[in-house]
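Structure first, commentary second.
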Amino acid sequence: MPNAKVKNFLHLHFLVFIAGFTAILGELITIKAISLVWYRMVMAFILIFIYIKIAKVNLKIDLKSVLRLSIAGVIIALHWITFFGSIDEANISIALAMFSTGAFFASIIEPIIYKRAIIGYEIVFGILVITGVFIITQSELKYLTGIILGISSAFLSSLFAVLNGSFLKKHTATVISFYEFISGVTFISLYLLFFGEGFTAEFFNLSHLDFGYLFILASICTAYAFIASVYIMKTISPYTVVLTYNLEPVYGIILALILFPEKEKMTNSFYYGAIIIIGVVFLNAILKNKRKLKRKYT
């Protein structure tokens, strides 16, 4: 493997580690999920806008595309809110295990959006994922709200990923993120103004630790990770990227056990259920790659 590719492969694992660390920051930041996501998207938007100005990216797109990207921006905002909400209501392990069900939702959403037939093994995998969730729910019923929020987050993440896959055929990743972040911030701002407590002095009264953690979340875990993941796809196949990102819950749960051993230690049934879900995710990615290769050479 050439040196450049080795470096990019190690870079990829570092990005996956960062993705897993996002959940750790969600636990460390003391403000609630909606406020957290507002700060994350505002800070990340500013940083991406600076990158756009330096790189002189052309942001002109048609109105129809703006509307579509705006809808996706609301979806990603809701995904992050439900993900961090799951951590608030349960813990990191529950949130990440439920997030892994996203592959199951993607297998349902993709055939609808791309108008393709459902693959036979996807139904079997779906049943296995539901079994894993059932095992976790039975043993961790006290975290039911967190489980529901985690599953909702996985569904929204899958919907967002499938939609973004179609957007990338027409627009660059930077342009997509620019419009999605604007709409996400606007959506949360309107919610806070009309249904929340608004932008009070208390809302902007962040502790130094919270501000520091939020800046790491927005800069390294969002803006940097987003731009870097697009860059590494120039030398590493999308399949390898997707498969490697399936390690996110593994990294995240291990980190959580090390940093928060008392809160994150779960029953054996939780780990049995999590292994089933994560195992299905990996197997699904491997089988999908084989199907692509088969179609390519036949």
Side-chain angles (χ1 to χ4, degrees), residues 22-23 25-26 29-53 57 59-89 95 99 102 105 109 113 145-146 148-164 166-167 170-207 210-211 213-219 221-223 225-226:
T22 298
L25 290 170
I29 296 168
T30 60
I31 60 176
K32 292 297 182 181
I34 295 175
S35 302
L36 187 159
V37 175
W38 186 87
Y39 275 105
R40 178 185 190 177
M41 295 192 85
V42 167
M43 289 179 175
F45 170 76
I46 292 169
L47 292 168
I48 289 175
F49 184 72
I50 292 169
Y51 169 78
I52 285 169
K53 285 296 180 184
V57 177
L59 294 172
K60 290 183 180 179
I61 59 173
D62 59 87
L63 182 59
K64 191 175 181 181
S65 294
V66 171
L67 292 173
R68 287 177 176 174
L69 291 173
S70 296
I71 292 169
V74 173
I75 291 170
I76 192 62
L78 289 171
H79 154 59
W80 281 336
I81 289 169
T82 49
F83 178 73
F84 290 115
S86 178
I87 295 173
D88 289 342
E89 294 294 329
F99 180 70
F105 288 118
I109 297 167
I113 291 180
T145 303
I148 292 169
L149 284 171
I151 292 172
S152 301
S153 174
F155 170 76
L156 291 165
S157 173
S158 299
L159 179 59
F160 173 76
V162 173
L163 289 173
N164 256 18
S166 62
F167 296 152
K170 190 175 180 182
H171 310 291
T172 66
T174 308
V175 169
I176 290 170
S177 65
F178 175 82
Y179 287 102
E180 287 176 347
F181 276 42
I182 284 180
S183 65
V185 170
T186 304
F187 167 72
I188 299 173
S189 298
L190 290 173
Y191 174 84
L192 289 169
L193 286 170
F194 293 104
F195 302 102
E197 296 178 0
F199 295 101
T200 61
E202 188 181 349
F203 180 88
F204 293 104
N205 186 24
L206 291 175
S207 69
D210 275 347
F211 184 84
Y213 290 142
L214 281 165
F215 185 76
I216 293 169
L217 179 64
S219 58
C221 300
T222 308
F226 186 86

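These numbers come from a predicted model, not from an experiment. In this chain, residues are counted from 1 in sequence order.
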How long is the gap from [atom1] on [X] to [atom2] on [Y], to the nearest 0.5 Å?
{"X": "I176", "Y": "H171", "atom1": "CD1", "atom2": "NE2", "result": "6.5 Å"}
{"X": "Y213", "Y": "T30", "atom1": "OH", "atom2": "OG1", "result": "10.0 Å"}
{"X": "D88", "Y": "L36", "atom1": "CG", "atom2": "CG", "result": "8.0 Å"}
{"X": "I76", "Y": "S177", "atom1": "CD1", "atom2": "OG", "result": "11.0 Å"}
{"X": "T186", "Y": "F181", "atom1": "OG1", "atom2": "CZ", "result": "13.0 Å"}
{"X": "I75", "Y": "L69", "atom1": "CD1", "atom2": "CG", "result": "11.0 Å"}

Please report the shortest heavy-atom distance between [X] and [Y], naming the atom on each side.
{"X": "S157", "Y": "F99", "result": "OG-CE1, 3.6 Å"}
{"X": "E180", "Y": "M41", "result": "O-CE, 4.1 Å"}
{"X": "I29", "Y": "D210", "result": "CA-OD1, 3.5 Å"}
{"X": "T22", "Y": "C221", "result": "OG1-CB, 3.7 Å"}
{"X": "I48", "Y": "A223", "result": "CG1-CB, 4.0 Å"}
{"X": "M43", "Y": "F211", "result": "CE-CE1, 3.5 Å"}

How about [X] and [Y]: do any of their side-chain heavy atoms sit closer than 4.5 Å?
{"X": "W80", "Y": "L156", "result": "no"}
{"X": "D62", "Y": "K170", "result": "yes"}
{"X": "I46", "Y": "I50", "result": "yes"}
{"X": "I81", "Y": "Y191", "result": "no"}
{"X": "S189", "Y": "F199", "result": "yes"}

Does [X], at its [atom1] atom, have more than 12 non-hydrogen atoms belonging to other residues, nucleotides or ligands within less than 6.0 Å?
{"X": "F204", "atom1": "CZ", "value": "yes"}
{"X": "F167", "atom1": "CZ", "value": "yes"}
{"X": "F215", "atom1": "CZ", "value": "no"}

Answer yes or no: is there a donor N or O on one side and an acceptor on the other, between the side chain of [X] and the main chain of [Y], under 3.5 Å?
{"X": "Y179", "Y": "L59", "answer": "yes"}
{"X": "S70", "Y": "V66", "answer": "yes"}
{"X": "T82", "Y": "H79", "answer": "yes"}

Taking the six-membered ring for Trp, are Y39 and F203 ring centroids under 6.0 Å apart?
yes

Do the ring planes of F45 and F178 sit parallel (below 30°), tilted (30 to 60°) or perpendicular (above 60°)?
tilted

